[in-house]
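Structure first, then comments.
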Amino acid sequence: MIDLGQYLPILLFLGVALAISCVFVFLPMGVSRLTGTHNPTAEKLSEYECGFPAFEEPRSQFDVRFYLVAILFIIFDLEAAFLFPWAVSLDFTGWSGWTTMMIFIGELAIGLIYAWKVGALEWE
Amino acid sequence: MIQAIAFYLFATMVIASGVLTIMSRNPVHSVLWLILAFFNAAGLMVLLGAEFIAMLLVVVYVGAVAVLFLFVVMMLDVDMAELRAGFIKNFPLGIAIALVLLAELVLGIGALGAGPLELGTASGANAPNLANSNIENIGALLYSKYIFVFEAAGLILLVAMIGAIVLTHRDLKTTRGHQNITKQVRRNPKEATQMKQPTVGEGVEL
């Protein structure tokens, strides 16, 4: 059973954060409209980059090796996530649970050794 | 009372950000809305009492999967005009998928009469209550009853890792020489240098 009352401060924190961010976004907009400084023209709204119109899309292709690093991160992130319930439940699972996790870590260690040997972790 | 308000807040936010994920024109904005949907789904999980799942949603989905999605969006360099050009060509396929999703929606709405909303209880009817917290329960089941499923998950992760390496890794040894540390350390002065006494008028034999 979980006492959700423990989460009330977090909920209050979220509410305060939401209120403050709304103030920061909407207050300047409202003030500028009320004081009459809100006066957009085509020149003001055009995109602008160091005195020139933007030359190209801001997105550009980059090396696929970043993707490989991200995938490896996901896998070891999941491994760490599996470690938490294992660590607190050893009273219930005992030696079989411990061995299970060691085999699991061994499986991923094979992958790590492979990545290391192939050179996937190297950056030129 | 507060729980019900929080539930409807999170549920509305999940649905709204899900809609914005598929409606927004910029794919990067789509990913950001998806992250908001993940956060609110985590809030829903907390309300259900599944605290560990909630933390996993934040750590794994927001921390890793969403970053991966951003990478994919950036790497693909999506041209939206080009994507829209294929609209007519893929129209029948899109309609077929939409029908399948509509059937799922109808089934889901049909589950509306299943019962009232139960919030703040850690257990469903069949959930075993071995320990006094959510994460201990998960561990006690996952590493005893579901050992083989867990090990299979490990094998799948291994396959995913090796597959990703095979697909994306390129051997870069041709571009620049690689440092062989063992070879460098094993060098000694006797092999590396030679003393020569060259005489005048003759060459040096190396």
Side-chain angles (χ1 to χ4, degrees), chain A residues 1-5 7-8 10-11 14 57-82 84-94 96-101 103-108 110-112 114-115 118-120 122-124, chain B residues 2-3 6 28 43 46-47 49 51-52 55-56 59-60 63-65 67-68 71-78 119-123 130-140 142-144 147 150-151 153-155 157-158 160-162 164-173 175-176 178:
Chain A
M1 291 298 143
I2 287 166
D3 180 18
L4 284 175
Y7 284 98
L8 189 62
I10 297 179
L11 190 67
L14 280 181
E57 286 272 305
R59 280 202 310 283
S60 59
Q61 292 190 321
F62 55 84
D63 201 323
V64 76
R65 276 180 299 164
F66 286 104
Y67 189 73
L68 179 61
V69 172
I71 284 190
L72 292 178
F73 169 66
I74 282 191
I75 288 165
F76 290 107
D77 198 26
L78 273 174
E79 183 188 3
F82 276 123
F84 287 112
W86 170 76
V88 295
S89 70
L90 273 176
D91 284 345
F92 301 97
T93 53
S96 72
W98 190 83
T99 323
T100 312
M101 182 49 89
I103 297 171
F104 179 75
I105 292 177
E107 283 168 3
L108 289 183
I110 294 172
L112 181 64
Y114 175 75
V118 165
E122 281 180 43
W123 202 268
E124 294 188 21
Chain B
I2 292 179
Q3 287 181 23
V28 177
V46 167
L47 283 179
E51 289 169 305
F52 181 63
M55 301 313 152
L56 275 195
V59 170
V60 174
V65 174
V67 172
L68 200 66
F71 275 11
V72 171
V73 164
M74 298 214 166
M75 238 180 289
L76 284 181
D77 199 15
V78 188
L119 293 175
T121 53
S123 56
L130 302 168
N132 47 12
S133 81
N134 195 262
I135 180 167
E136 278 180 280
N137 259 336
I138 289 178
L142 188 61
Y143 305 114
S144 61
I147 281 183
F150 174 64
E151 297 296 355
L155 285 179
L157 285 177
L158 179 63
M161 194 188 316
I162 293 178
I165 292 169
V166 168
L167 284 177
T168 59
H169 181 67
R170 281 164 300 178
D171 216 357
L172 289 166
K173 283 184 182 169
T175 55
R176 199 190 290 175
H178 265 234

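Below, chain A is the first sequence line, B the second, and so on; all start at residue 1. Everything numeric in this text was worked out from a predicted model, so none of it was measured.
You'll find the side chain of B:Met161 reaches within 4.5 Å of the side chain of A:Leu72, heavy atoms only. Contact annotation: the side chain of A:Ile103 approaches that of B:Glu151 to within less than 4.5 Å [non-hydrogen atoms, C-beta and beyond]. Annotation: side chain of B:Val166 is in contact with side chain of A:Tyr114 (closest heavy-atom distance under 4.5 Å). At a threshold of 4.5 Å between non-hydrogen side-chain atoms, the residues B:Leu142 and A:Phe82 count as touching.
Heavy atoms only, all atoms of each residue included: A:Phe73 and B:Ala64 are closest at CE2-CB, 3.7 Å. Taking both residues in full, the closest heavy atoms of B:Ile165 and A:Ala115 are given as CD1-CB, 3.4 Å, listed atom of the first, atom of the second, then distance. The minimum heavy-atom distance between B:Phe52 and A:Ala81, with the atom names listed, is CZ-O, 3.4 Å. Of all heavy-atom pairs spanning B:Ala153 and A:Phe104, the tightest one is C-CE1, 4.5 Å. For the pair A:Ser89 and B:Tyr143, the tightest heavy-atom approach, listed with the atom from each and the gap, is OG-CD1, 4.1 Å. Here the shortest heavy-atom pairing between B:Gly139 and A:Thr93 reads O-CG2, 3.8 Å.
Of the listed residues B:Leu167, B:Ile147, B:Ile138, B:Val67, the one with more heavy-atom pairs under 4.5 angstrom with chain A than any other is B:Ile147. Heavy-atom pairs under 4.5 Å with chain B were tallied for A:Ile10, A:Ile110, A:Leu68; the largest tally goes to A:Leu68.
Looking at B:Leu155, the atoms closer than 4.5 Å to chain A (heavy atoms on both sides) sit in the backbone and in the side chain alike. Of the atoms belonging to A:Ile71, heavy atoms from both backbone and side chain fall under 4.5 Å from chain B. Both the backbone and the side chain of B:Val59 have a heavy atom closer than 4.5 Å to some heavy atom of chain A. Of the atoms belonging to A:Leu8, it is side-chain heavy atoms, and not backbone ones, that fall under 4.5 Å from chain B.
Separating the CG atom in A:Leu78 from the CG atom in B:Leu56 is a distance of 8.0 Å, to the nearest 0.5 Å. If you take OH on A:Tyr67 and OG1 on B:Thr168, they are separated by 9.0 Å, rounding to the nearest 0.5 Å.
Atom CD1 of B:Ile2 has 12 or fewer neighbouring heavy atoms from other residues, nucleotides or ligands inside a 6.0 Å radius.
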